[in-house]
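Residues take their numbers from the sequence shown, with the count starting at 1.
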Amino acid sequence: MTEMTTWHDEILTLTAPGATVRVQAGAQPPLPGAVSLYLTGAQVVGVDQLVEAATRTLTIEPAELEPRYLAAAIAAAVGGPKLAYTAQPVPGNMKRPAAALLSALLPALTVLGVTLAPAKKRPAKAAHRWSKAVADVAFTTTFAGTQATVYWQRRNEMRLLAGSRMKPEPEMNADGSLGFSARFAAQLRGEHQTAIGPDFVTTADIILKSTNEVGLFLYFGTTNSWLQFKDAAGRTLDDWTVVK
């Protein structure tokens with residue numbers, strides 16, 4: 001399968017291993033022949049059941065596997081009594097293929113900001129909270145040869161200042177192909193190409209939606225960006241905003 005990312009009619013379409021993934025804002029009707037995931041923030045709150053309060057709808061069209069088998073695997077991974085999902089029978093011989101497809105899709109889901117509860121208990125992922133106090137703080141990074149300043153000015157807005165130096169090229173996979181994070185970063189850069197100079201220095205302020213997007217845009221991800229951005233005293237963005 002040729003892997004690609006497209007943006008059309010406010011739908012982000014990703015060709016991922018074994019499936020096509022589409023992301024739309026808001027709660028969209030379930031799509032026949034696909035698994036429809038309803039998300040509030042990063043959390044899956046519904047599988048194949050419309051949740052009106054959802055902020056995003058993510059649909060997955062498996063290339064070969066019957067969608068309900070993948071839906072069952074995702075619902076089992078998310079778990080919890082608050083998940084909107086009606087259990088469907090899954091033959092024993094289909095559980096392993098469904099788990100394998102879900103495993104192959106996890107990198108794509110992670111980049112898209114989808115949180116699936118792990119099968120085993122692990123420490124909860126750190127949560128971060130925006131505040132008016134942090135809005136006026138300049139955070140800088142020099143990770144991977146970049147040099148940039150960013151302000152977390154609103155809950156869903158991070159302002160990357162003009163003059164920020166970007167990493168020119170991503171690391172390649174062992175087979176010479178681009179990784180998923182690099183392809184998603186290329187999509188972000190394409191959306192803001194008019195503000196990127198030929199020397200990979202930004203020529204205007206750029207608004208991005210999250211710390212992860214900033215990291216992808218600047219240096220193709222590959223690190224915890226909450227720890228890479230620091231104020232003038234060396235205090236990280238994580239220190240400023242983590243919920244304890």
- prompt: Should we count CD of Glu171 as having more than 12 external heavy atoms under 6.0 Å?
  reply: no
Flag if over 12 foreign heavy atoms under 6.0 Å of CG, Asn173: yes
query: Of Val78, Leu58, Leu109, which is the lone residue that meets side chain to side chain contact (heavy atoms under 4.5 Å, CB included) with Val44?
result: Val78
Is it true that a side-chain atom of [X] and a backbone atom of [Y] form a donor plus acceptor pair closer than 3.5 Å?
X	Y	result
Thr55	Leu39	yes
Ser131	Thr241	no
Trp152	Arg154	yes
Asp205	Leu161	no
Thr149	Ala138	no
Arg56	Gly41	yes
Arg165	Phe200	no
Ser103	Ala99	no

query: What is the ring orientation for Phe139 with Trp240, classed by angle as parallel under 30°, tilted 30 to 60°, or perpendicular over 60°?
result: perpendicular
query: Can Arg159 and Gln153 be counted as having a side-chain donor-acceptor contact under 3.5 angstrom?
result: yes
query: Without hydrogens or angle criteria, can the side chains of Gln49 and Thr86 be said to hold a donor-acceptor pair below 3.5 Å?
result: yes
Going from [atom1] on [X] to [atom2] on [Y], what distance comes out if it is rounded to the nearest 0.5 angstrom?
X	Y	atom1	atom2	answer
Lys230	Arg235	NZ	CZ	13.5 Å
Met166	Asp199	CE	CG	10.5 Å
Leu37	Asp48	CG	CG	7.5 Å

- prompt: Pick from Thr140, Thr223, Thr236, Thr141: which one makes a side chain to side chain donor-acceptor pair (under 3.5 Å) with Gln228?
  reply: Thr223
Candidate pair Phe217 and Ile196, rule side-chain contact (heavy atoms from CB on, under 4.5 Å), full reasoning: CA-CA 11 Å; Phe217 183 85; Ile196 302 173; 3.8 Å; yes
